[in-house]
Amino acid sequence: MTTTKAKPKHLGRDALVDVRARVKKSPELRARIDRAVARAAVAVMVKRARTAAGLTQAELAARARTTQAVIARIEGGKTFTPSLDLLDRIARALGGRVSVHFEGIRTWAA
C-alpha cells in the first residue's frame, strides 16, 4: 500500500495571505524584510547610476575611494549594507548627492 502526500488545497493568494499574517505578527520579520528591500533598492540605484555614467565597477570604486569588490557587493544587494559615508562618496563620484528620509514618520515642523 502506497501513501501519497496530500497536496495543499490552496496556493497563490492563500500563501500571500499567510505571509502577510506572519509579517503582521512579527516585527522582527518585518524589519528583516525592510532591510532586504532597502539593500535591493540601493543595489539597483548604484548599478543604474554607474551604468548611466558609463563607468565600470572599478572606475566607480576608484572615484569613490573604495574597491571594485565593495561596489560589486553593494550592487549584489544581498548581504552588504553600505555606510552612509560610503553612499555619499559613491553619489558624489557619480555627480550627485545622497538624500535620506524616513517613511511613515513626520520629521519636519508644520
Side-chain angles (χ1 to χ4, degrees):
M1 180 169 164
T2 25
T3 59
T4 59
K5 291 184 181 179
K7 291 184 179 179
K9 291 181 183 180
H10 305 286
L11 294 176
R13 184 179 179 283
D14 288 344
L16 182 57
V17 169
D18 180 52
V19 169
R20 286 183 175 149
R22 289 179 188 207
V23 167
K24 199 173 194 179
K25 290 179 187 176
S26 173
E28 177 54 34
L29 179 57
R30 173 82 263 161
R32 286 175 49 206
I33 291 169
D34 288 345
R35 286 189 300 269
V37 168
R39 280 192 305 270
V42 167
V44 169
M45 285 188 293
V46 170
K47 186 170 184 175
R48 282 184 181 168
R50 176 182 63 76
T51 56
L55 298 174
T56 66
Q57 289 180 344
E59 291 167 335
L60 175 57
R63 289 182 181 192
R65 299 181 328 272
T66 189
T67 65
Q68 179 274 330
V70 167
I71 299 299
R73 288 176 67 198
I74 292 168
E75 289 183 3
K78 294 184 181 162
T79 58
F80 181 71
T81 304
S83 68
L84 191 55
D85 178 64
L86 178 55
L87 288 175
D88 182 61
R89 292 195 326 260
I90 291 169
R92 290 178 188 281
L94 291 165
R97 64 185 184 95
V98 171
S99 175
V100 178
H101 72 277
F102 296 118
E103 288 186 21
I105 301 171
R106 185 173 166 191
T107 58
W108 61 91

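Predicted model only: the values in this text are computed from it and were never measured.
Side-chain N or O atoms of R39 include none that pairs as donor or acceptor with a backbone N or O of T81 at under 3.5 Å. A donor-acceptor pair is defined here as one N or O able to donate and one able to accept, closer than 3.5 Å; such a pair exists between the side chain of E59 and the backbone of T56.
Side-chain contact check for Q57 versus E75: some heavy-atom pair is nearer than 4.5 Å.
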Using a 3.5 Å cut-off and no angle test, enumerate the donor-acceptor pairs between side-chain atoms of residues 24-38 and protein atoms at least two apart in sequence or in another chain.
{"unit_1": "S26", "atom_1": "OG", "unit_2": "L29", "atom_2": "N", "d": "3.0"}
{"unit_1": "E28", "atom_1": "OE2", "unit_2": "R35", "atom_2": "NH2", "d": "3.3"}
{"unit_1": "R30", "atom_1": "NE", "unit_2": "D34", "atom_2": "OD1", "d": "3.1"}
{"unit_1": "R30", "atom_1": "NH2", "unit_2": "D34", "atom_2": "OD1", "d": "2.9"}

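Applying the 4.5 Å side-chain rule to ILVMFWY residues, one finds V42, M45, V46, L55, L60, V70, I71, I74, F80, L86, L87, I90, L94, V98, V100 in the same cluster as L84.
The shortest non-hydrogen separation linking A43 to G76 is CB-C, 4.5 Å. Shortest non-hydrogen contact noted between A93 and A64 is CB-N, 4.0 Å.
Taking CZ of R89 as the start and OG1 of T66 as the end, the distance is 6.0 Å to the nearest 0.5 Å.
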